[in-house]
Each structure stands twice: as C-alpha cells, then as structure tokens.
Peer 1: 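This structure is in structure tokens; I'll ask about it shortly.
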Protein chains: 2
Amino acid sequence: MNGDHHHEHAHAARSDLTRNQSLVFDTLEGADAPLTAYNILDRLNGEGLRAPLQVYRALDKLLDLGMVHRLESLNAFVACRHPGCATHEAVAFAICDDCGSVAEITDSSLVDALDTITRSADFKPRKTTVEMRGLCSDCQAA
Amino acid sequence: MNGDHHHEHAHAARSDLTRNQSLVFDTLEGADAPLTAYNILDRLNGEGLRAPLQVYRALDKLLDLGMVHRLESLNAFVACRHPGCATHEAVAFAICDDCGSVAEITDSSLVDALDTITRSADFKPRKTTVEMRGLCSDCQAA
DNA sequence: GTAGGTGATGTTATATCATTACATCGCGTT
DNA sequence: AACGCGATGTAATGATATAACATCACCTAC
Ligand SMILES: [Zn+2]
Ligand SMILES: [Zn+2]
Ligand SMILES: [Zn+2]
Ligand SMILES: [Zn+2]
C-alpha cells in the first residue's frame, strides 16, 4: 500500500485499488442486486478475468476495506451503500426475495440491543450479521 | 403425516419423525458444535445413510418443524436449544469462533428494534438471520 | 545496481456445499 | 386393484470456495 495507513479502512478510495479490485468493485456498484463471485466472474470475462480466485481475492480486499459486504444468506456480495459510511458496527440488510433489492440499514436501537445481549452473555463479537429476507415495499403491491 | 396437524410446528415431537429425520436430529442434538450436512452424513454412514440428499431432506423437514436452525455464516446446522421454544420470531446466535459453541438468544429489545426497522422501511420480513461471530466467555480467558 | 521483501496476479486442480432427475417403496384411501 | 402421496435410495451435476505453486511489479536496503 502507499504510506500512511494507520488502521486500514476509513476511506481507501477507488484510486488505491488495483485493476482487478476496481473491476470487481465497479461491477458490484453498477449492479442493482447482489452478485455471487461467479456472477462477477462471468461479467468480467471480457476484461481478462478467467479464474474464481481472481474474483475472490479482489473481494477479500474490498471486504477488508469495508467497501463491499457479503450477504451470508445468499452467498453473494454488494457494494456498500451505507449513507455516510459510518462505523459499520452492526448493519442490517433488508433483502427482497422477489426483486433482489437490498437496503443497507443502520439503527442505534439495533446496535444497542445487540450490545446489551453481548454484554449480558459476556460474548465478544468480531463480526455481526443481520439479514432480513422478505418483500420490499414495491413488491408487496404485486 | 398422522391426523391432526393444524399448522405444522408447535411440537412435532420426535416420535413423529421418520428414521432418517430422527437420526439427523439426534446427531445434531448430541453435538456440541454446529455440524455441516456432510459432517452429519459422515457420522451416519454406519446407519445406512450414503448420499447427501438423505441428510438434506431430513434437515429440510426439521427446519420446517423448527427443531433445527441453519447458521448461514457457517453453512451448518444446530438443534434448537431455545429455552421454551417460543415464537422463534427473531433468534440471535452467538457463535464462538474458537470453541464452536453456539448460544441461542431471544431478546425482546432486539425484536422491537428489528420490528421498528421493518415498519419504517415498509419491509415485510419472512425470515430474519442474526448471527454474531466472536469469542465466548470461556475462550476470552485464553 | 543487485538482492531481498512484499503484495498482486495467473493458472490448475481440488475441496466443500447443495440440488436435479428419476426410479422405488410403504401405506392409507377409494 | 388402482391411486395418491410422502419418504427413500442412488447417481449425476451444479454452485461456492480454497490450496498450491509459479510469476510479476514495485519498493527498499545494501
Ligand atoms: Zn456498508
Ligand atoms: Zn422487491
Ligand atoms: Zn430455536
Ligand atoms: Zn469459545
């Protein structure tokens, strides 16, 4: 990396990304639904990516930087759309099973509730996953 | 099934399970950490189970009955240990990455927070996943 | 400038998790 | 007997993820 990285994170900025990392990030950012690693690979065949590992390695880095999230219940990935890109402590995802839209939500009551739970169980969380699968506002109409 | 099943769920009771379903459930209940479908298959080779599908079909049924939970972040399964086995509306799991222990937690503040989020987003959840990966009380000592 | 370190890359093979497709069986109902 | 229907057995395949190894680009130390 380039000189001052105190803690990784903060704002890596797309300019610091390598070619493969940029390709993967741009693909995710341009998608309107989560993509699997193999989805991404398919879309980047034309750019010279041929092996899954090229995508997984880029994803690992982007996850590290906080620019991408993994949706565990889908085995898929989305670009971070967190408004303000704050602490990212406990983000919730509302995933529409009909249209595939994903809303990224931060909520202090949720953070508080999770914090209270971990305190009372004396559990030290490293990563917390909150995913709601269901129907978005639009798709409930139909 | 046998006569009166109003809504599935409630308490299927192990006596209603088929042989394969019982084998899989007993294996999960006896384990002290989550098991993958292939873990279960390995342990049940001696009982005549040979193909993944035999395990996955039993798991599907047990999940349906609410007797087993799938941990999305591990692609693994645990027997339900919910004290009282209440509504199961929004269960949180605290998963120790060191020893593999899993605590199943229900908390009304968490349910409230999630409920508030879905209301304000007009999102209709069908299934909610809350998984915390980290270190349990015991493992923080070491 | 040469040697070494480090992180990204390319490629092949393999591991792990899950489903499709199809034939069969048991058992209660008609 | 004929049928429906859920569970079962088996083989093949699909989908997701990692291991292993060689190479390259770049920076730094000597
Ligand atoms: Zn985010
Ligand atoms: Zn939708
Ligand atoms: Zn439970
Ligand atoms: Zn532990």
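Since this is a predicted model, take the numbers as computed values, not measurements. Here is how names work: the chains are called A, B, and so on, in the same order as the sequence lines, proteins then strands, and each is numbered from 1.
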Peer 1: Does atom CG of A:D32 have more than 12 heavy-atom neighbours, drawn from other residues, nucleotides or ligands, at distances under 6.0 Å?
Peer 2: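 Atom CG in A:D32 is not packed in, count stays at 12 or less.
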Peer 1: How many whole angstroms separate atom CG of A:N20 from atom P of C:dG7?
Peer 2: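 So the CG-P distance, A:N20 to C:dG7, works out to 17 Å.
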Peer 1: Please confirm whether the shortest side-chain N or O distance from B:R70 to OP1 or OP2 of C:dC17 is below 4.0 Å.
Peer 2: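 The answer is no; no side-chain N or O of B:R70 sits under 4.0 Å from OP1 or OP2.
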Peer 1: Hey, which of these two, B:A58 or A:F77, hits DNA chain D nearer its 5' end, going by closest nucleotide?
Peer 2: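 Final value for this comparison: B:A58.
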Peer 1: Report the C-alpha distance between A:D112 and A:S109 in whole Å, list the side-chain angles of each, state the deciding distance to 0.1 Å, and finish with yes or no for side-chain hydrogen bond (donor to acceptor under 3.5 Å, both in side chains).
Peer 2: CA-CA 5 Å; A:D112 289 349; A:S109 300; 5.5 Å; no
Peer 1: Is any side-chain nitrogen or oxygen of A:N75 closer than 4.0 Å to OP1 or OP2 of D:dA15?
Peer 2: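 The answer is no; no side-chain N or O of A:N75 sits under 4.0 Å from OP1 or OP2.
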Peer 1: Rounded to the nearest Å, what distance is computed from the CG atom of residue A:N45 to the P atom of nucleotide C:dG10?
Peer 2: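 To the nearest whole Å, that distance equals 13 Å.
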Peer 1: Among D:dT10, D:dA7, C:dT9, find the nucleotide with the atom closest to the side chain of B:L53.
Peer 2: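 Nearest to the side chain of B:L53 among the choices is D:dT10.
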Peer 1: Describe the nucleic acid contact of A:A51 in one word from base, sugar-phosphate, nothing, applying a heavy-atom distance below 4.0 Å.
Peer 2: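 Base contact - A:A51 has a heavy atom under 4.0 Å of at least one base atom.
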Peer 1: Among C:dT19, C:dT11, D:dT8, find the nucleotide with the atom closest to the side chain of B:Y56.
Peer 2: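 From the listed options, C:dT19 comes nearest.
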Peer 1: Would you kindly say whether A:E131 and A:S73 are connected by a side-chain donor-acceptor distance under 3.5 Å?
Peer 2: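 Note: A:E131 and A:S73 side chains meet the donor-acceptor criterion.
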Peer 1: Starting at CG of A:L59 and ending at C1' of C:dA8, how long is that distance when rounded to a whole Å?
Peer 2: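 Atom CG in A:L59 sits about 15 Å away from atom C1' in C:dA8.
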Peer 1: Nearest 0.5 Å please: distance from the CZ atom of B:F25 over to the CG atom of B:L65.
Peer 2: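 Here the rounded value is 10.0 Å.
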Peer 1: Once you round it to whole Å, what is the distance between P of C:dA18 and CG of B:N39?
Peer 2: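 Atom CG in B:N39 sits about 11 Å away from atom P in C:dA18.
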Peer 1: Is the base of C:dG7 touched by the side chain of A:R57 through a donor-acceptor pair closer than 3.5 angstrom?
Peer 2: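 Result: no qualifying N/O pair found.
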Peer 1: Which nucleotide sits closest to the side chain of B:Q54: D:dG9, D:dA7, D:dA17?
Peer 2: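 The closest nucleotide is D:dG9.
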Peer 1: Round to a whole Å and report the spacing from CG of A:L74 to P of D:dA15.
Peer 2: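 Going from A:L74 (CG) to D:dA15 (P), I get 15 Å.
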Peer 1: Tell me the interatomic distance from A:L62, atom CG, to C:dA8, atom C1', rounded to whole angstroms.
Peer 2: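 Going from CG in A:L62 over to C1' in C:dA8 covers 13 Å.
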Peer 1: To the nearest angstrom, how far is B:R19 atom CZ from D:dG9 atom P?
Peer 2: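 Spelled out: CZ on B:R19 to P on D:dG9 is 8 Å.
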Peer 1: Give a yes/no verdict on base stacking between D:dT16 and A:Y38: centres under 5.5 Å, planes within less than 30° of parallel.
Peer 2: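 Stacking between A:Y38 and D:dT16: present.
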Peer 1: Would you say D:dA7 has OP1 or OP2 under 4.0 Å from some side-chain N or O of B:T18?
Peer 2: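 No, B:T18 has no side-chain N/O under 4.0 Å of OP1/OP2 on D:dA7.
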Peer 1: Please determine, for the side chain of A:K61, which listed nucleotide (D:dA7, C:dA8, C:dT12) has the closest atom?
Peer 2: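 From the listed options, C:dA8 comes nearest.
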Peer 1: For the pair made of CD in A:E72 and P in C:dC17, what is the distance, rounded to whole Å?
Peer 2: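 A:E72 atom CD is separated from C:dC17 atom P by 14 Å.
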Peer 1: Is any side-chain heavy atom of A:L59 closer than 4.5 Å to a side-chain heavy atom of A:L28?
Peer 2: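 A side-chain contact under 4.5 Å exists here.
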Peer 1: Where the side chain of B:P52 is concerned, which of D:dA7, C:dT9, C:dT19 is the nearest nucleotide?
Peer 2: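 Output: C:dT19.
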